[in-house]
Amino acid sequence: MPHVRERIKLIKNQPDWWKNLPRFNLGFKILKIAKDLEFEVYILTKAPKSIPKAWTQKAEWISENVPNIPIVMTQDKGLVYGKVLVDDYPPYIERWLEHRPRGLVIVPAHDYNQSFSHPNSIRYDGSKTQLERIKKAMSIAKQRKPEHPLDLSGI
């Protein structure tokens, strides 16, 4: 549906569209857990090739909403190392997991990703039960020894 892609591109090219995105509260709850578990936290974001001003606006948004956290902008999230990825977009998740077969992915729930499933992923719908499960999974991921599998069977 090329017309839909063009419409999305037009919307994302509006002045300050990226800079004025609302805070995504599910992500901030996961960020708190990461900080509590003393993860080294980075904001990893896709830098759209076709919208160069998005790079600056994303950096401004991050600086305003999550100051003092380093930013990594990339065309390919699969190139960036980490033990845990929080992402809602299946193609980015799959690319990251190609190179991190023992990594953990937290997937904020949306209609467009409800069919995504992977043994190393946990879907997060905002419930308190899921948040406790994520905390346990992140703790397991943090303590996992190099070359050992990520075992989430106990959560």
Side-chain angles (χ1 to χ4, degrees), residues 8 12 16-49 51 53-155:
I8 290 169
K12 290 180 177 181
D16 295 334
W17 187 86
W18 296 93
K19 186 178 175 183
N20 293 325
L21 285 173
R23 287 173 57 115
F24 185 63
N25 288 326
L26 295 182
F28 281 87
K29 290 178 181 181
I30 298 166
L31 177 60
K32 182 180 180 335
I33 293 171
K35 287 180 174 181
D36 290 348
L37 292 173
E38 299 180 347
F39 272 90
E40 186 175 346
V41 177
Y42 290 81
I43 303 294
L44 176 61
T45 187
K46 176 93 164 61
K49 279 190 249 186
I51 311 172
K53 66 182 162 191
W55 298 41
T56 301
Q57 290 183 23
K58 281 184 170 197
E60 290 171 343
W61 188 98
I62 292 165
S63 294
E64 183 176 317
N65 289 277
V66 280
N68 305 317
I69 296 182
I71 304 165
V72 176
M73 286 200 195
T74 182
Q75 297 291 313
D76 183 355
K77 290 186 178 185
L79 299 175
V80 181
Y81 177 78
K83 286 191 172 195
V84 178
L85 174 69
V86 179
D87 207 304
D88 62 345
Y89 191 58
Y92 299 164
I93 295 168
E94 290 165 347
R95 178 74 179 130
W96 188 81
L97 284 168
E98 282 179 36
H99 299 284
R100 311 290 170 282
R102 293 174 295 278
L104 169 67
V105 179
I106 310 299
V107 184
H110 294 287
D111 290 342
Y112 58 82
N113 64 19
Q114 68 185 23
S115 65
F116 178 80
S117 179
H118 188 281
N120 291 21
S121 72
I122 298 177
R123 189 170 171 77
Y124 179 42
D125 60 10
S127 71
K128 194 171 187 173
T129 305
Q130 279 299 92
L131 197 59
E132 286 301 315
R133 190 166 177 247
I134 286 167
K135 185 184 270 186
K136 289 176 187 173
M138 288 177 72
S139 182
I140 290 167
K142 175 147 177 127
Q143 296 171 17
R144 182 188 58 76
K145 302 266 189 262
E147 304 304 317
H148 289 166
L150 178 67
D151 181 7
L152 301 176
S153 61
I155 60 166

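Numbers for residues simply follow the sequence, beginning at 1.
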**Q** Pairs of donor and acceptor atoms involving the side chains of residues 75-84, under 3.5 Å and at least two apart or interchain, shall be tabulated with distances.
**A**
from, atom 1, to, atom 2, distance (Å)
Gln75, NE2, Ala47, O, 2.5
Asp76, OD1, Gly78, N, 2.9
Asp76, OD1, Arg95, NE, 2.9
Asp76, OD2, Arg95, NE, 3.0
Asp76, OD2, Arg95, NH2, 2.7
Lys77, NZ, Asp87, OD2, 2.4
Lys83, NZ, Lys142, O, 3.1
Lys83, NZ, Arg144, O, 3.4

**Q** Shortest non-hydrogen contact from Phe116 to Leu97?
**A**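 Looking at all heavy atoms of both residues, the closest pair is CZ-CD1, 4.5 Å.
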**Q** Quick one: does Leu85's side chain get under 4.5 Å of Ile106's, heavy atoms only?
**A**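 No, too far: nothing below the 4.5 Å cut-off.
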**Q** Can you find a heavy atom in the side chain of Phe28 that is under 4.5 Å from one in the side chain of Val66?
**A**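 Result yes, sub-4.5 Å side-chain heavy-atom pair found.
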**Q** For a quick test of reading the model, state the closest non-hydrogen atom pair linking Leu152 to Ala137 and the distance between them.
**A**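 Minimum heavy-atom separation between Leu152 and Ala137: CD2-CB, 3.8 Å.
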**Q** How many angstroms lie between NZ in Lys29 and NZ in Lys128, if you round to the nearest 0.5 Å?
**A**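 That separation rounds to 10.0 Å.
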**Q** With sequence neighbours excluded, tell me which residues meet side chain to side chain donor-acceptor pair (under 3.5 Å) with Gln143.
**A**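 Scan of Gln143 (side chain to side chain donor-acceptor pair (under 3.5 Å), adjacent residues dropped) gives Ser139.
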**Q** Could you go through the side-chain contact (heavy atoms from CB on, under 4.5 Å) check for Met138 and Asp36 one step at a time?
**A** CA-CA 11 Å; Met138 288 177 72; Asp36 290 348; over 6 Å; no
**Q** Just to verify, what does Tyr92 make a ring-ring contact (aromatic ring centres under 6.0 Å, His included) with, not counting sequence neighbours?
**A**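 In terms of ring-ring contact (aromatic ring centres under 6.0 Å, His included), with neighbours along the sequence ignored, Tyr92 is linked to Tyr89.
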**Q** Please examine the side chains of Ile69 and Leu31, heavy atoms only from C-beta on, and report whether any two atoms are closer than 4.5 Å.
**A**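 Contact flag for Leu31/Ile69 side chains = yes.
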**Q** Which heavy atom in His110 sits nearest to a heavy atom in Asn113, and how many Å separate them?
**A**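 Looking at all heavy atoms of both residues, the closest pair is O-OD1, 2.7 Å.
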**Q** For a quick test of reading the model, state the closest non-hydrogen atom pair linking Val107 to Asp88 and the distance between them.
**A**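 So the two residues come closest at CG1-CA, 4.4 Å.
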**Q** Minimum heavy-atom separation for Leu26 and Gly126, please, with both atom names.
**A**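 Heavy-atom minimum between the residues: CD2-CA, 3.3 Å.
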**Q** Can you tell if the side chain of Val105 reaches within under 4.5 Å of the side chain of His118, non-hydrogen atoms only?
**A**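 Side chain of Val105 against side chain of His118, heavy atoms only: no contact under 4.5 Å found.
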**Q** Flag the pair Gln57 / Ile62 as yes when at least one side-chain heavy-atom distance between them is below 4.5 Å, and no otherwise.
**A**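 No; the side chains remain at least 4.5 Å from each other.
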**Q** Answer yes or no: is there a donor N or O on one side and an acceptor on the other, between the side chain of Asn120 and the main chain of Leu104, under 3.5 Å?
**A**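 Checking the backbone N and O of Leu104 against the side chain of Asn120, no donor-acceptor pair under 3.5 Å is found.
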**Q** Would you find more than 12 non-hydrogen atoms of other residues, nucleotides or ligands less than 6.0 Å from Lys46 atom NZ?
**A**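 Enclosed.
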**Q** Within the 3.5 Å criterion, strictly below it, is a donor on Glu40 or Tyr42 matched to an acceptor on the partner's side chain?
**A**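 Their side chains do contain a donor-acceptor pair, which is all the 3.5 Å distance test asks for.
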**Q** For Arg100, check side chain to side chain donor-acceptor pair (under 3.5 Å) against everything at least two apart and list the hits.
**A**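 In terms of side chain to side chain donor-acceptor pair (under 3.5 Å), with neighbours along the sequence ignored, Arg100 is linked to no residue.
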**Q** Kindly determine whether Val72 and Ile43 satisfy side-chain contact (heavy atoms from CB on, under 4.5 Å), including the steps that lead there.
**A** CA-CA 6 Å; Val72 176; Ile43 303 294; over 6 Å; no
**Q** What pairs with His99 under ring-ring contact (aromatic ring centres under 6.0 Å, His included), at least two apart in sequence or on another chain?
**A**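 Once residues adjacent in sequence are excluded, His99 has no partner under the ring-ring contact (aromatic ring centres under 6.0 Å, His included) criterion.
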**Q** Could you check if a side-chain atom of Tyr124 sits within less than 4.5 angstrom of a side-chain atom of Arg133, using non-hydrogen atoms only?
**A**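 No; the side chains remain at least 4.5 Å from each other.
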**Q** May I have the step-by-step check of side-chain contact (heavy atoms from CB on, under 4.5 Å) for Ile140 and Asp151, ending in yes or no?
**A** CA-CA 8 Å; Ile140 290 167; Asp151 181 7; 5.5 Å; no
**Q** Which heavy atom in Ala141 sits nearest to a heavy atom in Leu150, and how many Å separate them?
**A**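 Here Ala141 and Leu150 meet closest at CA-CD1, 3.9 Å.
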**Q** Is it the case that more than 12 heavy atoms not belonging to Glu64 sit under 6.0 Å from its CD atom?
**A**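 Result for CD/Glu64: open.
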**Q** Kindly compute the distance separating NZ (Lys136) from CG (Leu131), expressed to the nearest 0.5 Å.
**A**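 If I round to the nearest 0.5 Å, the distance is 11.5 Å.
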**Q** Quick one: list whatever passes side chain to side chain donor-acceptor pair (under 3.5 Å) with Thr45, sequence neighbours left out.
**A**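 For Thr45, the residues satisfying side chain to side chain donor-acceptor pair (under 3.5 Å) (neighbours in sequence not counted) are Lys58.
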**Q** Calculate, to the nearest 0.5 Å, the distance between atoms CD1 and OG belonging to Ile122 and Ser117 respectively.
**A**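 Spacing of CD1 (Ile122) from OG (Ser117) equals 11.5 Å.
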